[in-house]
Structure formats: structure tokens, C-alpha cells
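Data first, discussion second: the structure below is written as C-alpha cells.
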Amino acid sequence: MKQKIALAIHGGAGTILKSKMTAALEKAYKEALRLSLQKGYDVLTAGGTSLDAVETAVRELEDCPLYNAGKGAVFTADGRNEMDASIMSGKDLAAGAIAGVTCLKNPVTAARAVMEKSDHVMLIGSGAEAFARLHGIEMVAPDYYFTRERWEALLKIREEDPDRTDLDHGSSKSYRKKKKEEKFGTVGAVALDREGNLAAATSTGGMTNKKWGRVGDSPVIGAGTYANRLCAVSCTGWGEYFLRLCVAKTVADLMEYKGYSLLRAANEAILKKLPEIGGDGGLVAVDAQGAVALPFNTEGMYRGYVKNNGKIVVDIYA
Ligand code: ASP
């Protein structure tokens, strides 16, 4: 029997309403998802590894200004772009991550270098950038990340409430409502290759107006990204909640220790545990049999998948 392959991706979850989207923008978002899936699929059908496929798919979205990662990263409170990314290989639990980097064109590639070329799992800030430079990872000037839409989003938050940061998600109900209206962003991919190996990768610019070196779940192995022999998971959403629940590893643990199917485990984490503590978001996951799950508890999630037959499926709304 032909070995199964599968690839699933996301481009962030949140309040994504059809009423607020133009036909042209929707088309552009979907085209970018399709391209990412096609490139990752080509890697898998050519016999490439799941690691190569997720890195390829994520790089494609990092290069697209529409998504909050790489080129389209959101702005911090001081008007910079600080990116986080991670990658994990399911067959040997190898993992790499970087956080708070400001000049790497493709943060996911730097995360992979951490995994493959260092003894560490996570590097941050200027140290991570020095490491990346040493290993020939492509660097860009800070203005590479400038996009009008992201800049205006920062100006809008500053105007509405200069003290408001996306870290301050405390107890205030009105604040919380505002937060809930935010659209999250982040990109991620999970894949199963012909050898039966799984991999996951996630990359993000984090949250608009973040301060104090805030880092969310995306670069944290077990929270935003996880892969083992059973499944590969990449998350998106309000990072603080995904960190508290170690969402990605929870999906893997529900499968391993409770014998849940991928879909049941993913639904339990996103549709039950996450809302129980007030969290928003979603994930994409694939198991060793090639099943995919793409649950989310927000109004929408940019998402898609492709399996052996090459039929690319993309969707945005619930
Ligand atoms: N999880 C990301 C973070 O908290 C954001 C997102 O997925 O939209 O940084």
C-alpha cells in the first residue's frame, strides 16, 4: 500500500468575519494558503521529509505580508517587530526554537538551525540572531517588515488606549471584550511524510503592541508546537492561555495516555479545556495515519490541508 502523506497549515485564528472581508482580500488570503500547501505537498510527494515540508510551508507564509509572521509581523509597542518560531521532529523529539528576533527573514529556518546545529532547544534575542548569522541564515533590515496595515493597527491601539498592551489581559471585563475582538495571527504547519515521520512548525510576530519582551506560546515546545510518533500539532491563539495549558503536548498526551483519536484529543483541548479558562484560538494537527484535525473556538481560522490525492482544501470561516 502507498504510504500516506498529509500536510495541514494555519494562518492564525480570531474574529475573522466574512462581513469584514472583501472578495479580493479573501482571495489573496486563500491563494497564499494554497501556495503554501502546494509547496509543502511537492516536498512530500518528492519523498522529502515532514521537517522539510513544514519548514517550506511556513516559509511561504512568512514571506507573505498578509500573515502575522516574517514579512507580515505585527509591531511591538515601541514600533519594532519581534518574532518567535519553533519546529519539532516527531521521530526523535528533536526541537528548536527562537524568540524575540528582529532581523531574520525566515524565523522558522533559524529555529531549525537551532535544532540541527546547536546543543540547545531555544535561543532568544541578540544571541539567537548571532547564532543565525554564524550559520548563514538570511538577515534583513528592520524596514523589511514594514507593512501599512500592521503599522496602522499599532497606531489604532495607541490611540484607543496608549496603556493597553496585549499582555494586560487581566480581570477587566471591558478590556477582555476588546481583546476578544482582536484577530490573532501566526502561521503553522504539521506534516506526515512517506517514511511515517511527523513534524510541526509555528512562526509568529506575536501580538500588536506587545511590551517587555513578551513571548507567547508559538516558540514554546509543548505549548505552541509539538510532535512525537503519534501526532504533530501547531497552535494559534491567545498565547498566554496556550502556555498555561501546554496545549500542543496535551493533544499528544490525550492520545498517548487516554487512547483518544487525533480528532477527539484536538477537540478536547480547543473546544473544552481552552474555553474553560477563557482562552481563544485553534490548532492544526496530523496523526501517524494521516488523519488531520483543524479545530478552533473563534469565528474563523485561516487553514487548509492536503493529503495523498493532492486536492488542496482551504477555508477561513467557521
Ligand atoms: N499564539 C500567538 C502568540 O500568542 C499569537 C497567535 O497565534 O495569533 O504570540
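Predicted, not measured: the structure shown is a model, and the values here were computed from it. Indexing begins at 1, ligand by ligand and atom by atom, following the structure's order.
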**Item:** Within-cut-off N or O pair, Glu240 and ligand 1, under 3.5 Å
**Value:**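 Not met; the criterion fails.
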**Prompt:** Does Gly239 reach ligand 1 with a nitrogen or oxygen that is under 3.5 Å from one of the ligand's nitrogen or oxygen atoms?
**Reply:**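 Yes, there is a polar N/O contact under 3.5 Å.
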**Message:** Could you walk me through whether Leu283 and His10 satisfy the side-chain contact (heavy atoms from CB on, under 4.5 Å) test, starting with their C-alpha distance in whole Å, then the side-chain angles of each, then the deciding distance to 0.1 Å, before giving a yes or no?
**Reply:** CA-CA 7 Å; Leu283 61 78; His10 68 76; over 6 Å; no
Which ligand 1 atoms are under 4.0 Å away from a heavy-atom of [X]?
X: Thr236; result: 6 (C), 7 (O), 8 (O)
X: Ser218; result: 1 (N), 2 (C)
X: Gly206; result: 9 (O)
X: Asp217; result: 1 (N), 2 (C), 3 (C), 4 (O)

**Request:** First locate atom CG of Asp193, then atom CD of Gln3, and finally report the distance between them rounded to the nearest 0.5 Å.
**Result:**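 Those atoms lie 8.0 Å apart.
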**Asked** According to the interplanar angle, ranging from 0 to 90°, do the rings of Tyr67 and Tyr29 count as parallel (below 30°), tilted (30 to 60°) or perpendicular (above 60°)?
**Response**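 Rings of Tyr67 and Tyr29: perpendicular, as their planes differ by over 60°.
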Tell me yes or no: between the side chains of [X] and [Y], is some donor less than 3.5 Å from an acceptor?
X: Thr109; Y: Arg59; value: yes
X: Thr76; Y: Glu82; value: no
X: Glu195; Y: Thr49; value: no

**Asked** Does even one non-hydrogen atom of Gly12 get within less than 4.0 Å of ligand 1?
**Response**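 False for this residue.
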**Message:** With the threshold set at under 4.0 angstrom, would you say Arg214 reaches ligand 1 through any of its heavy atoms?
**Reply:** yes
